[in-house]
J.: 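Here it is, the structure in full.
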Amino acid sequence: MAELLDTRGRPLRDLRISVTDRCNMRCRYCMPREVFGPDFPFLPRADIMSYEEIDRLASLFVSLGVEKIRLSGGEPLLRRDLHELISMLALHGVELAMTTNGVLLPRYAPALSAAGLDRVTVSLDALDEATFAAITDSGHTVAAVLAGIEAAESVGLGPIKVNTVVKRGANEGEILDLVERFSSRDIATRFIEYMDVGTTNGWAMDDVVTADEIRSLLTDLEPIPSQYPGEVAKRYRLPQGGEVGLITSVTEPFCGDCTRARLSADGHLYTCLFATSGLDLLTPMREGATDAELVAMIESCWSERDDRYSEIRAEASPSRVRVEMSYIGG
Ligand code: SAM
Ligand code: SF4
Ligand code: SF4
């Protein structure tokens, strides 16, 4: 089959699947508590894809060229018996990863690994408990996340990466401690520029600690050539050994290489993290669409794709209603 390319010649290689829009944390930059409170209209259970539905769509995406699947959310580990989904997806022969806040890993890591999950990325924005508490606003602790990382390591869910969103005034003082803590254990820390995803986090450019600022804190970084086109992080070797990555979506956009599609928990296909709407695949699937019909829908959506939001951020309308990260999957 001819390679499926979008209007900018970008192939479809990665699929991120959000398995739930709910979370056990309320990170200020993602699900601020005053918006995502008890009255927030989370997806009703009936609208959320079953594991069989997720697996069916995943298999179609793999047939179109997807080589990597990442489970995300919300917090993916809130979804019951997630290992059952992993064991289904593992049969497609693609790399299988998950992004998690880590606190439930001590409970679930062994079953996830046994089911065929390859590796995890754990989000951790600070080592200082008070700083972490102020960001995540949920009563969970750094100690719990570190226990999650240990649990993942002990069952071979590596190489583990740690994701840190850096927001000015919140946690830039944590960067060096995080690097020191993890580089000695061969865990790569990836610093993410705070992004204007969704519309609830009150994002302002002044809050972004830029990749340049982070690089200037970390001296003698040696760039590591990217391993494949579409690699999200710019990677660097540290003088003391180990590596860090920078995800520079705001100041050094990488849309030109973006090969990622996202599937929300209610089965909508999004071709950009900053999209305003997605293509509903779940309704036609439930109404009896054949695999060929669903493939045709995905093909047509991808082949018409023109997204490059990060490259045109400055021109984008501030009133553009972007979907939330917790819904679309980070
Ligand atoms: N709950 C899981 C977690 O935190 O790892 C998975 C979902 S979360 C939406 C995925 C990633 O998106 C996390 O690493 C998180 O830090 C990142 N993220 C969320 N909001 C962000 C924002 N406004 N800017 C940059 N990264 C963000
Ligand atoms: Fe939850 Fe992850 Fe968003 Fe934090 S970043 S609120 S842990 S989904
Ligand atoms: Fe991909 Fe959209 Fe991010 Fe650009 S802004 S890298 S197109 S997800």
Side-chain angles (χ1 to χ4, degrees), residues 6-8 10 12-14 16-33 35-36 40 70-79 97-105 120-126 132 135-138 140 144-145 148-149 161-167 170-171 189-204 207-209 230-233 247-250 252-262 264-265 270-276 302 305-313 316 322-330:
D6 70 8
T7 60
R8 298 182 177 274
R10 300 169 294 190
L12 171 57
R13 289 271 189 277
D14 311 88
R16 300 197 173 185
I17 306 175
S18 170
V19 294
T20 176
D21 60 338
R22 292 167 191 261
C23 190
N24 50 356
M25 291 191 182
R26 286 292 179 273
C27 303
R28 300 291 315 153
Y29 53 73
C30 180
M31 296 180 78
R33 186 171 290 282
V35 178
F36 293 86
F40 184 80
R70 175 175 293 276
L71 299 185
S72 184
E75 174 47 44
L77 293 179
L78 289 185
R79 189 81 191 252
M98 180 174 69
T99 303
T100 169
N101 63 35
V103 296
L104 291 171
L105 278 174
V120 292
T121 297
V122 180
S123 303
L124 177 62
D125 296 333
F132 178 83
I135 296 170
T136 55
D137 190 19
S138 57
H140 293 291
V145 180
I149 294 173
K161 291 177 190 142
V162 167
N163 267 5
T164 302
V165 176
V166 191
K167 186 175 172 198
N171 65 337
T189 316
R190 307 198 312 172
F191 295 103
I192 306 174
E193 288 180 338
Y194 171 42
M195 291 185 281
D196 49 339
V197 212
T199 46
T200 60
N201 61 13
W203 183 89
D207 295 333
V208 180
V209 178
E231 194 171 35
V232 177
I247 301 185
T248 61
S249 358
V250 180
E252 299 161 20
F254 38 80
C255 301
D257 282 338
C258 180
T259 54
R260 287 175 295 285
R262 292 178 159 86
S264 60
Y270 290 86
T271 55
C272 179
L273 189 50
F274 300 90
T276 53
W302 189 266
R305 175 185 191 238
D306 186 31
D307 303 293
R308 53 187 194 105
Y309 176 83
S310 288
E311 289 180 352
I312 55 167
R313 175 174 275 109
R322 300 171 297 260
V323 294
E324 295 297 323
M325 185 88 139
S326 52
Y327 166 71
I328 201 176

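One-based numbering, in listed order, for ligands and for the atoms of each.
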J.: Measure the distance from atom 2 (Fe) of ligand 2 to every protein heavy atom, then report the residue, atom name and distance (to 0.1 Å) of the closest one.
T.: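 The closest heavy atom on the protein side is C23 SG, 4.4 Å.
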J.: What residue and heavy atom of the protein are closest to atom 27 (C) of ligand 1, and at what distance?
T.: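 So the nearest neighbour among protein heavy atoms is M325 CE, 3.3 Å.
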J.: Have T121 and N163 got a donor and an acceptor in their side chains that come within less than 3.5 Å?
T.: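 There is no such pair (donor and acceptor under 3.5 Å, judged by atom type) between the side chains of T121 and N163.
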J.: Mark up the atoms of ligand 1 that fall under 4.0 Å of a heavy atom belonging to N163, in ascending order.
T.: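 Every atom of ligand 1 under 4.0 Å from some heavy atom of N163: 14 (O).
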J.: Given C30, G73, G329, which one has a non-hydrogen atom that is nearest to atom 3 (Fe) of ligand 2?
T.: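 Among C30, G73, G329, the closest heavy atom to atom 3 (Fe) of ligand 2 belongs to C30.
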J.: Tell me which protein heavy atom sits closest to atom 24 (N) of ligand 1, plus the residue, atom name and distance to 0.1 Å.
T.: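 Checking every protein heavy atom, the shortest distance to atom 24 (N) of ligand 1 gives M195 N, 2.9 Å.
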J.: May I ask whether G74 places a heavy atom under 4.0 Å from ligand 1?
T.: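 Right, G74 reaches ligand 1.
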J.: Would you say S72's side chain and I17's backbone share a donor-acceptor pair under 3.5 angstrom?
T.: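 Checked: no pair found.
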J.: Within a distance under 4.0 Å of any heavy atom of V197, pick out the atoms of ligand 1 and give their elements.
T.: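 Matching atoms, with element in brackets: 22 (C), 23 (N).
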J.: Closest non-hydrogen protein atom to atom 26 (N) of ligand 1, residue and atom name please, with distance?
T.: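 Here the closest protein heavy atom is V165 CG2, 3.3 Å.
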J.: Any atom of ligand 1 sitting under 4.0 Å from a heavy atom of S326?
T.: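 Per 4.0 Å heavy-atom rule, S326 does not contact ligand 1.
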J.: Can you tell me how far CD1 of I328 sits from CZ of R262, rounded to the nearest 0.5 angstrom?
T.: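 Going from the CZ atom of R262 to the CD1 atom of I328 covers 6.0 Å.
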J.: To the nearest 0.1 Å, how far is atom 21 (C) of ligand 1 from its closest protein heavy atom, and which atom is that?
T.: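 Its nearest protein heavy-atom neighbour is Y29 CD1, 3.6 Å.
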J.: Before accepting this row, confirm whether a basic side-chain N of the pair R26/D137 lies closer than 4.0 Å to the acidic partner's carboxylate O.
T.: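 Salt bridge between R26 and D137, a charged N being under 4.0 Å from a carboxylate O: no.
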J.: Is there a side-chain contact between V197 and W203 in this structure, where contact means two heavy atoms from C-beta onward sitting under 4.5 Å apart?
T.: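 Of all side-chain heavy-atom pairs linking W203 with V197, none is under 4.5 Å.
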J.: Non-hydrogen atoms of M25 versus ligand 1: any pair closer than 4.0 Å?
T.: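 False for this residue.
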J.: Nearest heavy-atom pair of S123 and T99: which atoms, and what distance?
T.: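 The answer is OG-CG2, 4.0 Å.
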J.: How close does the nearest protein non-hydrogen atom get to atom 3 (C) of ligand 1, and which residue and atom is it?
T.: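 Going atom by atom, the protein heavy atom closest to atom 3 (C) of ligand 1 ends up being S123 OG, 3.4 Å.
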J.: Suppose I only count heavy atoms of I192 and a 4.0 Å limit; which atoms of ligand 1 are within that range?
T.: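 Reading through ligand 1 atom by atom, the close ones are 25 (C), 26 (N).
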J.: Under a 4.0 Å threshold between the charged nitrogen and the carboxylate oxygen, would R10 count as salt-bridged to D257?
T.: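 Not counted as a salt bridge, because no side-chain N and carboxylate O are separated by less than 4.0 Å.
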J.: Is there a side-chain contact between D125 and K167 in this structure, where contact means two heavy atoms from C-beta onward sitting under 4.5 Å apart?
T.: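 No. Closest side-chain heavy atoms not under 4.5 Å.
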J.: Under a 4.0 angstrom heavy-atom cut-off, which atoms of ligand 2 come close to N101?
T.: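 Reading through ligand 2 atom by atom, the close ones are 7 (S).
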J.: Sequence neighbours left out, what passes salt bridge (Lys or Arg N to Asp or Glu O under 4.0 Å) with E311? Give chain and number order.
T.: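 Scan of E311 (salt bridge (Lys or Arg N to Asp or Glu O under 4.0 Å), adjacent residues dropped) gives R308.
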J.: Show the atoms of ligand 1 that are less than 4.0 angstrom away from any heavy atom in E193.
T.: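 In order of number, 25 (C).
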J.: Looking only at protein heavy atoms, which one is nearest to atom 10 (C) of ligand 1, and what is the separation?
T.: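 Its nearest protein heavy-atom neighbour is G330 CA, 3.7 Å.
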J.: Just to confirm my output: which protein heavy-atom neighbour is closest to atom 8 (S) of ligand 1, and how far is it?
T.: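 Of the protein heavy atoms, G73 O, 4.3 Å lies nearest.
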J.: Which atoms of ligand 1 are found less than 4.0 Å from any heavy atom of E75?
T.: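 Result: 1 (N), 2 (C).
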J.: Could you list which atoms of ligand 1 come closer than 4.0 Å to a heavy atom of N201?
T.: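 The list of qualifying atoms is 23 (N).
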J.: Taking N24's backbone N and O only, do any of them form a donor-acceptor pair with H140's side chain (distance below 3.5 Å, no angle check)?
T.: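 Judged by distance alone, yes, a pair lies under 3.5 Å.
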J.: Parallel, tilted or perpendicular: which one describes the rings of Y270 and Y327, with boundaries at 30° and 60°?
T.: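 Rings of Y270 and Y327: perpendicular, as their planes differ by over 60°.
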J.: Can you tell me the protein heavy atom closest to atom 6 (S) of ligand 2 and the distance?
T.: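 Nearest neighbour among protein heavy atoms for atom 6 (S) of ligand 2, to 0.1 Å: C27 N, 3.4 Å.
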J.: What protein N/O/S atoms are there under 2.8 Å from atom 1 (Fe) of ligand 3, waters excluded?
T.: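 Sorted hits: C258 SG.
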J.: Mark up the atoms of ligand 1 that fall under 4.0 Å of a heavy atom belonging to S72, in ascending order.
T.: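 Those qualifying, in numeric order: 6 (C), 7 (C).
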